[in-house]
Structure formats: structure tokens, C-alpha cells
Protein chains: 2
Amino acid sequence: MSGSTRTPTLADVAETAGVSLSTASLTFSGNKPVAEATRERVLAAAAALGYRGPNPLARNLRQGRSGVVGVAVGQLSEAFRDPATLPLFDAMSEVLGAAGLGLLLMADDDGHARLPLDAVIFDICGRDVWMPYDDLVARGVPLVVIEGPAWPGTTYVDIEHRRGSAELARHLRGLGHDRVATVTLEPSQPQREREAGLREVYADLEVVGACASDLTAAQEVVGAWLDTDPDATALVCQSDVQAAGAVLEARRRGLSVPGDLSVAGFDGVATPWLDLELTTVVQPIAEKGRTAARAALARIEGEAVADVVLPVELRVGGSTGPAPRRDAQGG
Amino acid sequence: MSGSTRTPTLADVAETAGVSLSTASLTFSGNKPVAEATRERVLAAAAALGYRGPNPLARNLRQGRSGVVGVAVGQLSEAFRDPATLPLFDAMSEVLGAAGLGLLLMADDDGHARLPLDAVIFDICGRDVWMPYDDLVARGVPLVVIEGPAWPGTTYVDIEHRRGSAELARHLRGLGHDRVATVTLEPSQPQREREAGLREVYADLEVVGACASDLTAAQEVVGAWLDTDPDATALVCQSDVQAAGAVLEARRRGLSVPGDLSVAGFDGVATPWLDLELTTVVQPIAEKGRTAARAALARIEGEAVADVVLPVELRVGGSTGPAPRRDAQGG
DNA sequence: TTGTATGCGTTATCAC
DNA sequence: GTGATAACGCATACAA
């Protein structure tokens with residue numbers, strides 16, 4: 001005497017198949033063996049009723065999981081303007097997807113407080129990302145932070161900012177550069193580490209100024225700096241996009257790269273629209289994403305996870321060269 | 001006598017506050033008025049117990065909603081290589097976030113079949129996106145398709161492919177171009193409409209070949225075409241990235257744009273690394289995203305939603321100019 | 001304005 | 001291998 005248009009439930013299937021609810025459940029979950037004959041009867045009943053499998057909402061409640069991992073990125077447009085973000089997401093999505101988990105985009109101001117998240121990955125990477133830290137911790141949500149500040153109870157995934165920068169500095173020193181300047185990102189722990197790495201070689205490092213990792217912003221800052229007719233013969237940028245901006249801006253002013261100015265980047269992303277391969281510190285972006293995702297998975301399973309620092313590697317391209325001879329320049 | 005380390009539930013709060021379960025529920029949901037004094041008592045009890053608000057999983061089951069909208073994009077890396085994708089996501093995220101919904105990234109091969117999605121938006125836009133169409137429809141999930149094929153039961157959000165292309169063609173005709181070629185995207189309905197628009201003016205349109213909307217792919221295809229010493233004096237691309245590739249490739253071969261070859265794009269996205277503003281068909285990307293998101297919201301509420309076709313607008317930049325005089329060229 | 005009683009659709013535990 | 005039963009934590013219809 002039950003209604004007919006209601007979407008069928010597992011109970012309906014069980015009844016139609018003439019088996020118990022548990023048996024029907026087992027048939028779909030596969031958590032325990034079910035006799036082949038029974039199995040087929042249940043499946044037939046499901047097909048007859050148009051049952052599309054267990055309701056995820058109900059299973060989620062029962063199992064205490066949503067199957068969704070949030071990724072906090074700050075402002076979406078800012079995050080994805082950075083070409084390093086995409087491969088990172090690609091890698092995270094791959095690992096999470098393989099585990100049957102979904103990846104939920106958390107932009108800052110969105111009201112995601114009410115969503116059931118199994119874990120949250122903070123994709124900081126030098127950007128300004130809001131952390132609803134207290135709330136998430138209080139709710140017991142496992143937290144993974146990529147290149148971010150050290151908060152207790154979270155798992156860290158980071159890269160060798162300092163060593164990579166130091167190696168780059170040694171490369172420049174080897175080319176004869178005596179005065180080096182750097183364009184920074186907004187202040188952050190990674191940024192400070194990178195500067196420290198450069199100062200291992202260039203104690204008198206000139207810090208040009210902070211700007212977003214955005215082509216036109218970099219062009220502006222670098223342009224203003226070039227106008228001061230600087231001493232430095234090499235400019236270390238904190239991202240390849242910044243470096244590309246520097247190259248374009250230098251050329252716009254008639255300077256050749258690396259003839260008049262050497263420029264280096266960070267990240268090792270592709271800049272196909274630049275006719276020059278940048279000298280840069282290559283970071284393992286995909287590995288970073290996979291590591292973060294795996295850490296989230298492990299923490300969801302309740303396992304303890306150690307922090308990770310991934311290695312970087314200097315890649316010498318055509319944007320750095322021997323320091324120019326100084327004949328008659330101001331300073 | 002109850003355990004002490006279990007995370008508190010609404011029932012615990014109610015008991016501690018000395019009110020009924022429903023009153024406690026109402027206090028948090030605000031769905032019905034609660035006396036101020038009662039309210040405070042409940043909140044105090046919640047604070048005392050460390051209760052962090054209603055369990056989203058339970059609420060989801062009860063309300064039959066997950067609060068999550070999936071966005072199918074095909075291959076992540078492919079999707080976000082298109083600069084039009086980001087503003088689209090930004091807009092969708094804004095609208096969905098304001099409604100308290102989350103946006104879940106669905107890459108192709110991910111096993112998202114088990115996730116409870118309130119709706120799914122297919123961000124097709126000329127790309128190849130896998131549609132688990134039957135399953136989603138069978139599960140009764142509202143579907144919204146952006147620039148995609150016409151499947152029954154889904155809501156469409158599209159743009160004026162044909163009119164925009166026709167207008168661009170008229171612009172080129174006005175500049176004196178007699179022979180026009182076009183680089184296409186992979187075959188799709190929007191692609192066919194755009195060609196039809198061009199053919200309104202250029203019946204003998206030369207179709208160069210298909211390629212992904214990716215700078216280097218475009219450079220390759222356009223380069224090969226230029227090697228054939230073509231008749232056409234204008235090349236219409238199907239994205240601004242393609243057009244940028246065409247410009248770079250033409251210049252690489254010593255051709256000037258638009259002196260020797262006029263190049264037009266589609267989308268109207270920023271290409272700050274190009275020292276030229278492209279002539280392009282500007283589509284309202286953000287509006288497209290907002291419209292799709294609002295459609296999803298409405299369909300979740302059970303409302304009927306009409307399909308939408310958004311207007312585009314020709315923007316004339318510096319990449320198109322008068323057709324060159326033909327003196328002595330092969331063809 | 002508050003309390004009582006159901007049910008959302010599963011999965012897990014336990015006995016058979 | 002299968003079946004009864006109890007949660008999972010909440011929101012709502014209804015009664016008071």
C-alpha cells in the first residue's frame with residue numbers, strides 16, 4: 001500500500017527481493033560476501049524498481065564522512081593567475097579522485113562553514129589565504145597546509161625555499177654578479193626563507209619591493225626600479241611570472257636580458273609566450289599536490305602524518321648570463 | 001552516566017540546557033522564534049559543552065541536500081589553460097558561495113558517482129567533457145550545461161556564437177579582406193555555429209584545422225598553414241589564446257600583424273604578455289557563470305528554468321587592419 | 001513559545 | 001550467508 005512515485009530505497013529493494021535490509025546493503029557495499037543467487041535477486045529487484053544505489057547522504061551520516069575535501073585558495077582569481085596552481089590542483093584532484101573523494105573549492109568569503117568537509121587543504125603558497133582555523137580545528141577537521149604558516153595540529157607540506165634560493169645566488173655569483181636585487185612577494189615565512197637563502201651569498205641584497213605574482217604588477221614594480229638606474233646586475237624574482245614581467249619590462253626599456261640584466265625566477269612553470277627559457281628554481285609542484293592530498297587522506301584515516309619538505313632544483317636557462325662590465329653608469 | 005569524550009550532539013545541548021531537542025534545533029536554525037531567555041540558555045549550554053553547531057552530515061540527510069554543486073570540466077589542466085575558465089569559476093563560486101553552497105571540481109576520470117551532488121554544471125565551452133548523463137538524470141540531479149550539446153532535461157546557458165562570428169566577419173569585409181581562413185576548435189555545436197556565422201559573409205571560408213585552445217598548439221597549426229603561403233589575408237581564431245599564438249607565429253616568420261595578416265580571436269580575455277590588443281568577440285564570461293550558477297540554484301529549488309543565450313560584442317583591437325595589397329604572392 | 005514523536009536511508013553489530 | 005535491530009544527528013509536523 002506504499003506510494004508509487006517515491007524514489008526507491010534500499011528497504012524497498014530488500015522487500016521486493018524478499019531479503020533482509022542487511023543483505024541488500026551488503027549486496028551494494030560488498031563489505032561481506034553474499035551468495036551469488038541472492039545477489040542477483042537483489043540486483044534484479046533494484047533494476048525493476050529503478051534503484052540507483054545507496055543514497056550518499058544517508059551513507060555519509062552513517063559513516064561520519066562526506067567524501068569531500070576542501071581546498072582553501074584565497075581569492076580564486078588570484079590563486080589561478082599563478083600558473084603553479086593548476087598543476088597543483090591537477091595532482092591533488094588525481095589523488096583524491098582515485099580515493100573516491102571530491103575536491104571542493106573554497107574561496108575566501110564563501111560561507112563554507114556549514115559544509116561537511118572531511119579535511120581541508122590550505123593552498124597558501126605565498127598568498128593571503130584566510131584560515132577559519134579555530135573553527136575547523138574545533139570541529140576536528142584534519143588540516144594540511146601547503147607553504148604556509150606553522151599552526152599547531154596541522155600537517156605541513158613545504159619546499160626548500162632557502163636552499164633553492166641560495167643555490168640560485170651561488171649561480172649568479174659564479175657569473176660574476178656582485179650586486180643582486182630581488183623582487184619579493186607579500187611577506188610570509190617562505191618569502192623570508194628565500195631572502196635568507198639569497199643573503200647567504202649576497203649579504204647586501206637589495207630588496208626591490210613586494211608585488212603580487214602577476215605579470216602587470218611585476219612589470220610596474222620592476223619598471224619603477226629600473227628607473228632608479230640601479231647598481232644590481234641581476235634581479236631575482238620570486239615566481240616565473242614575475243620574472244617574465246621583469247624580462248618584458250627590461251626589454252621595453254632597451255635593456256637586453258641577460259646582456260644588461262640577468263633575471264631569475266622561481267617555480268619552474270612554462271612560459272611559452274616568452275622566447276626565452278628562464279633561469280629558475282624548479283619546485284616539484286605535482287609532487288607537492290600529491291603529497292598534500294595523500295596527507296589529507298591519511299589524516300582522514302586517523303593516521304599521524306609527518307611534515308614534508310620537498311627538494312627543489314636549480315634550472316639554468318637563458319635569462320641569466322655573465323655580469324656586464326661596468327663602464328659608465330650611475331648608481 | 002554518559003561518556004565524556006564523545007563530541008556533543010544537539011541532544012546533549014538540549015539536555016544540558018533543560019530544553020527539548022526541537023527547541024535546541026530551532027535555536028540554531030532560526031526557523032522559528034525562540035524566547036530570548038531560552039535561546040541564551042541553549043547557547044550557554046552549547047558553549048559549555050563545546051558544541052560547534054549542528055552536524056552538517058545529519059542536516060544534509062534530513063533535508064535531502066548536500067550543499068554541494070559539482071562542476072564538470074573535463075581534464076583540469078586543459079580546462080584551466082583556457083583563460084576564460086577562471087572568470088567563469090569566479091562568478092559561479094561567488095553566486096553559489098553566497099547561497100551557502102560549495103563548488104566541487106569534477107575532473108573526468110574521478111569517481112564522483114558516490115558523492116551527493118545537489119546539481120551539476122557542465123562547463124563544456126567547446127571542450128570534451130565526459131557526461132555521466134544517464135546516471136545523473138536517473139538520480140534526479142539537476143543539470144546545467146554551458147555551451148554544450150542539447151540533452152533533454154538539462155538547462156542551457158550559451159552565447160551568441162553565430163551572431164558574434166558574423167559580426168566579426170563583417171568587420172573584416174569592411175577592411176577589404178576577400179579571403180578569410182579560420183582555425184577551429186574540436187568539432188562541437190558552438191564551433192559549427194561560429195563557422196556558420198563566418199560563412200554568412202565568407203561563403204568560401206577556408207578552414208585551417210582544429211587544435212586545442214592552447215598557445216603552442218595554435219602556433220603549430222598556424223605555422224603549418226603559413227608555410228602553405230595562403231591566399232587568406234585574415235585569420236579568425238576561436239579563442240584569444242589561439243589568436244595570440246597566431247600573432248606570435250606570424251611575427252616569427254617576419255609577417256607583421258595586422259600589416260600582412262589580420263588576426264582575430266574570440267572570448268575577450270586579457271593577454272597582457274601580448275603587446276597588441278586583439279580584435280575579438282567579447283563574451284560575457286562572468287555573466288555566463290552567474291547565470292549558470294543561478295540556474296543551478298533555481299533547479300535545486302525545483303523551479304523550472306528557461307535556457308539562456310547571452311549576447312556577445314565585437315571589440316576591435318589592433319590585430320586587424322586593412323587587407324594588404326596583393327602584388328606578387330603565390331597561393 | 002515549547003515539547004513529543006517520527007523519519008531521513010543507511011551501515012554496523014550481533015546473533016542465528 | 002542471512003536477518004533483526006540499533007544507531008547516525010538532526011529537522012519538522014503536530015500537539016500542547
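Order of the sequence lines fixes the chain letters, A, B, ..., with proteins taken first and strands second; residue numbering starts at 1 for each chain. Both backbone and side-chain heavy atoms feed into the values below; hydrogens, waters and symmetry mates do not.
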For A:Tyr51, report the nucleic acid contact type (base, sugar-phosphate, nothing); a contact means any heavy atom under 4.0 Å.
-> sugar-phosphate
If only side-chain N and O atoms of A:Thr23 are considered, is one of them under 4.0 Å from the OP1 or OP2 phosphate oxygen of D:dG3?
-> yes
Side-chain touch B:Pro56/A:Leu115, heavy atoms, less than 4.5 angstrom = no
With respect to the side chain of A:Asn55, which nucleotide from C:dA12, D:dT2, C:dT10 is positioned closest?
-> C:dT10
Would you sort out whether B:Glu301 and B:Arg65 count as a salt bridge (charged side-chain N to carboxylate O under 4.0 Å, His left out), showing the intermediate values?
-> CA-CA 11 Å; B:Glu301 298 301 333; B:Arg65 295 194 182 179; 3.3 Å; yes
Base, sugar-phosphate, or nothing: which does B:Leu61 touch, judged by heavy atoms less than 4.0 Å apart?
-> base
Quick one: on DNA chain C, does A:Asn31 or B:Leu26 contact a more 5' nucleotide (nearest heavy atom)?
-> B:Leu26
Contact under 4.0 Å: A:Thr38 side-chain N or O vs D:dT2 OP1/OP2 | yes
Over all atoms of both residues, closest heavy-atom pair of A:Val137 and A:Leu143 | CG2-CD2, 3.8 Å
Closest nucleotide among D:dG3, D:dC10, C:dT10 to the A:Ser20 side chain = D:dG3
When B:Arg41 and B:Ala58 are each assigned the nearest nucleotide of DNA chain C, the 5'-most assignment goes to B:Arg41
Out of D:dA13, D:dT2, D:dT5, which has the shortest distance to the side chain of B:Ser22?
-> D:dA13
Contact list (N/O, under 3.5 angstrom) for nucleotides 14-16 of chain C vs protein:
none

For B:Leu57 and D:dA7, what is the distance between atoms CG and P respectively, to the nearest whole Å?
-> 19 Å
